[in-house]
Amino acid sequence: MSAAAAPPPLLIATFNPGKARELASLVETAGYATRTLAGAGIREPYEETGATYEENGGGKARHYARAAGMITLADDSGLEVDALGGEPGVHSARYAGEPRSDARNNEKLIAELAGVADRRAHYAC
């Protein structure tokens, strides 16, 4: 009797090392070997032009799957602040413009919330 074939490797489509580790740990428990974008020789980020997390995540998955010729897992996520009507949301990574900067995004967010007492927010994907 032969052993079952291992599933094909799965490309984790993010340049964020923390997100890559989290996603890899989830799928590796199901028996998948994973590869990173860098490990697949991909260095250029996908331009997120979608209006929703689903559009951006799906676009990334299709783009990187074609580029690497591999089954690909991608997502998009963002911070949604109630007092800002859900902003920055899908624009979280580049909230303060290009080049992307977590520090500038945080500064802009704090400035936008000046004088706001209820700062409830959540992450969405």
Side-chain angles (χ1 to χ4, degrees):
M1 185 165 205
S2 65
L10 184 68
L11 181 66
I12 304 294
T14 181
F15 288 104
N16 178 319
K19 188 182 283 189
R21 279 190 304 275
E22 289 175 12
L23 292 173
S25 71
L26 292 172
V27 299
E28 286 172 354
T29 62
Y32 285 90
T34 59
R35 291 186 68 195
T36 63
L37 291 173
I42 297 171
R43 308 260 184 280
E44 296 297 319
Y46 170 76
E47 185 177 347
E48 298 175 3
T49 58
T52 66
Y53 302 118
E54 185 177 357
E55 288 174 4
N56 284 336
K60 279 191 264 191
R62 286 185 295 278
H63 173 81
Y64 291 125
R66 281 191 297 271
M70 297 176 67
I71 298 169
T72 303
L73 176 64
D75 84 321
D76 189 33
S77 61
L79 177 67
E80 296 183 352
V81 180
D82 295 350
L84 299 178
E87 290 295 318
V90 71
H91 306 289
S92 292
R94 56 201 144 312
Y95 188 49
E98 296 288 345
R100 297 176 183 194
S101 165
D102 289 342
R104 287 189 313 112
N105 288 340
N106 290 338
E107 288 171 12
K108 179 177 179 177
L109 184 60
I110 295 299
E112 298 266 337
L113 291 171
V116 175
D118 184 353
R119 294 182 174 196
R120 281 183 284 188
H122 61 275
Y123 281 98
C125 67

Are [X] and [Y] connected in the hydrophobic side-chain network, where two residues link if heavy atoms are under 4.5 Å apart?
X	Y	result
Phe15	Leu11	yes
Leu79	Leu84	yes
Val90	Leu109	no
Tyr123	Ile110	no
Leu37	Met70	yes

How far apart are the closest heavy atoms of [X] and [Y], and which atoms are they?
X	Y	value
Ser25	Thr29	O-CG2, 3.2 Å
Pro7	Gly31	CG-O, 3.4 Å
Asp118	Val116	O-CG1, 3.3 Å
Tyr64	Ala13	CD1-CB, 3.5 Å
Pro8	Ile71	CG-CD1, 3.6 Å

Spacing of [X] atom [atom1] and [Y] atom [atom2] [to the nearest 0.5 Å]:
X	Y	atom1	atom2	value
Leu23	Asn16	CG	CG	9.0 Å
Asp102	Glu107	CG	CD	11.0 Å
Ser92	Asp76	OG	CG	8.5 Å

Is the number of heavy atoms from other residues, nucleotides or ligands within 6.0 Å of CD (Glu55) greater than 12?
-> yes
Between Arg104 and Lys108, does a side chain to side chain contact (heavy atoms under 4.5 Å, CB included) hold up when you go through it step by step?
-> CA-CA 6 Å; Arg104 287 189 313 112; Lys108 179 177 179 177; over 6 Å; no
Is the Tyr46 ring parallel, tilted or perpendicular to the His63 ring (thresholds 30°, 60°)?
-> tilted
Passes side chain to side chain contact (heavy atoms under 4.5 Å, CB included), Thr34 versus Arg21? Steps please.
-> CA-CA 10 Å; Thr34 59; Arg21 279 190 304 275; over 6 Å; no
Tyr95 meets the ring pair (Phe, Tyr, Trp, His ring centres under 6.0 Å) criterion, sequence neighbours left out, with none
Excluding sequence neighbours, so at least two apart, what forms side-chain hydrogen bond (donor to acceptor under 3.5 Å, both in side chains) with Arg100?
-> none
Who pairs with Tyr53 by side-chain hydrogen bond (donor to acceptor under 3.5 Å, both in side chains), at least two apart in sequence or on another chain?
-> Glu80
Donor-acceptor check, side chain of [X] to backbone of [Y], threshold 3.5 angstrom: yes or no?
X	Y	value
Asp75	Gly57	no
Arg43	Ala38	yes
Arg119	Leu113	yes

Begin from the C-alpha positions of Arg94 and Glu48 and carry the test side chain to side chain contact (heavy atoms under 4.5 Å, CB included) through to its verdict.
-> CA-CA 10 Å; Arg94 56 201 144 312; Glu48 298 175 3; 3.0 Å; yes
Should Leu73 and Ile12 count as side-chain neighbours, where that means a heavy-atom distance under 4.5 Å?
-> yes
Apply side chain to side chain contact (heavy atoms under 4.5 Å, CB included) to Lys60 and Thr72, showing your working.
-> CA-CA 9 Å; Lys60 279 191 264 191; Thr72 303; over 6 Å; no
